[in-house]
Amino acid sequence: MPSMGFCILCVHGLSRLSSRVGPRGSSALTFCFLLLLVLFSCKSVSQSECWRSREALFRSGVQTLPHNAKVHYNYANFLKDQNRKEEAINHYKIVLRLYPKHSSALNNLGTLTSNVTAAEEYYRKALDISPQHSRALFNLGNLLRTQGRNEEAEVSLKESLLHGPYFADAYSSLGSLLADQKRHEEAKEVYLAGIKNCPESSDLQNNYGVFLVDIGSPQKAVSHYLLALRLRPNHHVAMLNLGRLYRSLNQNSEAGKWYKKYGHR
């Protein structure tokens with residue numbers, strides 16, 4: 001509606017001006033108006049190209065606002081999702097050059113670098129800027145776990161959940177870490193807390209099912225695998241786990257059904 005009003009106002013103004021400037025002035029005014037209309041139409045057509053795809057839109061933002069950290073960050077996230085790692089890293093570094101305290105850019109750089117030492121440094125820098133950054137705490141915890149620094153990893157994952165209690169992946173990582181240390185009761189509490197806080201997480205249901213199989217509760221595991229598949233019918237890992245579990249229970253017809261569904265993924 002505001003655009004319609006503006007157009008009506010322009011035509012009304014043109015009409016009033018034409019009535020005052022006479023025939024010759026009116027022709028010049030009309031010509032200028034039509035020229036302006038053509039120029040803006042061309043601009044609209046060229047601008048519409050930016051909306052043909054998400055990448056074109058993000059790239060247009062970078063070209064229009066090259067000194068804006070936010071547009072580089074959004075484009076870097078898009079490139080990261082497309083698995084174009086080197087390009088994403090380049091744009092995250094531009095973000096940090098423009099805005100050195102961008103904790104999420106530091107965290108995402110850590111996930112993309114293959115150098116473990118550099119990744120840890122990025123995560124810690126992100127946490128120096130934003131100590132409650134649950135993603136950076138989660139990523140740091142997982143990194144420390146791969147290095148066998150389990151106590152530090154546990155602290156980091158617990159802090160991640162403290163600041164992000166609805167972060168399903170953090171529950172799975174902490175539960176798995178505790179289970180690996182044979183701290184089964186603690187692991188069970190973590191998984192159940194995660195299921196309570198993140199009831200829509202199919203991965204968490206599947207991972208809890210794996211945990212139940214490992215501690216000798218296969219029948220309970222079945223219900224959690226099935227719940228994972230109700231939440232996400234194409235959860236192929238849950239299909240495979242369910243097939244293996246039914247096979248171990250000598251329920252071969254059920255196992256075959258889930259293996260077949262997994263094979264048709």
Side-chain angles (χ1 to χ4, degrees), residues 50 52-177 180 194 198 201-204 206-207 232 235-237:
C50 301
R52 289 190 177 276
S53 67
R54 287 184 68 214
E55 182 173 6
L57 184 60
F58 288 132
R59 197 187 307 117
S60 172
V62 169
Q63 291 168 352
T64 307
L65 300 167
H67 301 297
N68 187 302
K70 186 175 181 179
V71 296
H72 281 283
Y73 178 72
N74 290 337
Y75 189 35
N77 285 342
F78 169 79
L79 293 168
K80 179 173 176 280
D81 292 342
Q82 298 295 310
N83 203 31
R84 291 157 63 178
K85 290 176 58 175
E86 294 305 318
E87 293 174 83
I89 287 171
N90 179 52
H91 282 279
Y92 282 131
K93 287 182 176 179
I94 293 173
V95 172
L96 293 170
R97 193 162 64 245
L98 295 170
Y99 183 56
K101 292 188 176 182
H102 201 302
S103 56
S104 292
L106 285 163
N107 172 65
N108 291 351
L109 263 177
T111 65
L112 291 173
T113 184
S114 55
N115 185 304
V116 174
T117 304
E120 182 176 348
E121 186 178 339
Y122 283 130
Y123 297 143
R124 293 197 184 278
K125 280 183 180 178
L127 292 168
D128 286 341
I129 296 165
S130 178
Q132 298 182 1
H133 198 300
S134 59
R135 288 272 175 185
L137 287 163
F138 167 74
N139 290 327
L140 178 60
N142 282 339
L143 180 68
L144 294 170
R145 184 184 175 189
T146 62
Q147 296 175 315
R149 296 155 65 181
N150 290 339
E151 289 184 10
E152 294 176 78
E154 183 179 341
V155 170
S156 189
L157 290 170
K158 284 181 176 178
E159 283 188 37
S160 175
L161 288 171
L162 180 66
H163 302 304
Y166 303 104
F167 190 6
D169 288 347
Y171 286 106
S172 289
S173 289
L174 181 57
S176 177
L177 174 64
D180 286 347
C198 312
S201 173
S202 56
D203 287 339
L204 192 52
N206 174 72
N207 293 339
R232 199 171 89 201
H235 198 305
H236 302 123
V237 177

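The shortest distance between side-chain heavy atoms of Gln147 and Glu120 falls below 4.5 Å. Proximity of Lys93 to Ile89: side-chain heavy atoms (C-beta onward) are separated by under 4.5 Å at one or more points. Residues His72 and Arg97 are not in side-chain contact: their nearest non-hydrogen atoms beyond the backbone lie 4.5 Å or more apart. Residues Leu157 and Arg145 fail the side-chain proximity criterion, which asks for heavy atoms closer than 4.5 Å. Phe58 places none of its side-chain heavy atoms less than 4.5 Å from the side chain of Val62.
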>> Show, in sequence, the C-alpha distance, side-chain angles and deciding distance for Asp203 and His235, and conclude whether the side-chain hydrogen bond (donor to acceptor under 3.5 Å, both in side chains) test is met.
In response: CA-CA 8 Å; Asp203 287 339; His235 198 305; 2.7 Å; yes
> Where do Asn77 and Tyr92 land on the side-chain hydrogen bond (donor to acceptor under 3.5 Å, both in side chains) test, with the steps shown first?
Replying inline: CA-CA 9 Å; Asn77 285 342; Tyr92 282 131; 2.4 Å; yes
>> Could you walk me through whether Leu106 and Leu96 satisfy the side chain to side chain contact (heavy atoms under 4.5 Å, CB included) test, starting with their C-alpha distance in whole Å, then the side-chain angles of each, then the deciding distance to 0.1 Å, before giving a yes or no?
In response: CA-CA 8 Å; Leu106 285 163; Leu96 293 170; 3.6 Å; yes
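Other residues, nucleotides and ligands contribute only 12 or fewer heavy atoms inside 6.0 Å of the CZ atom of Arg135.
With Ser156 contributing its side chain and Ala153 its backbone, the two residues share no donor-acceptor pair below 3.5 Å. Without hydrogens or angle criteria, Thr64 side chain to Ser60 main chain gives a donor-acceptor distance under 3.5 Å.
Note that CZ of Arg149 and CG of Leu140 are 7.5 Å apart. Values are rounded to the nearest 0.5 Å. Expressed to the nearest 0.5 Å, how far CZ of Arg59 lies from CG of Leu79 amounts to 9.0 Å. For the atom pair Thr117 OG1 and Leu143 CG, the distance stands at 8.5 Å (nearest 0.5 Å).
Across all their heavy atoms, Cys198 and Tyr171 have their closest contact at SG-CE1, 4.1 Å. Tyr123 and Asn107 get closest at one heavy-atom pair: CE2-O, 3.4 Å. Closest of all the heavy-atom pairs between Leu127 and His133 is CD2-O, 3.8 Å.
Taking the six-membered ring where the residue is Trp, Phe78 and Tyr75 present parallel rings, their angle staying beneath 30° rather than reaching 60°.
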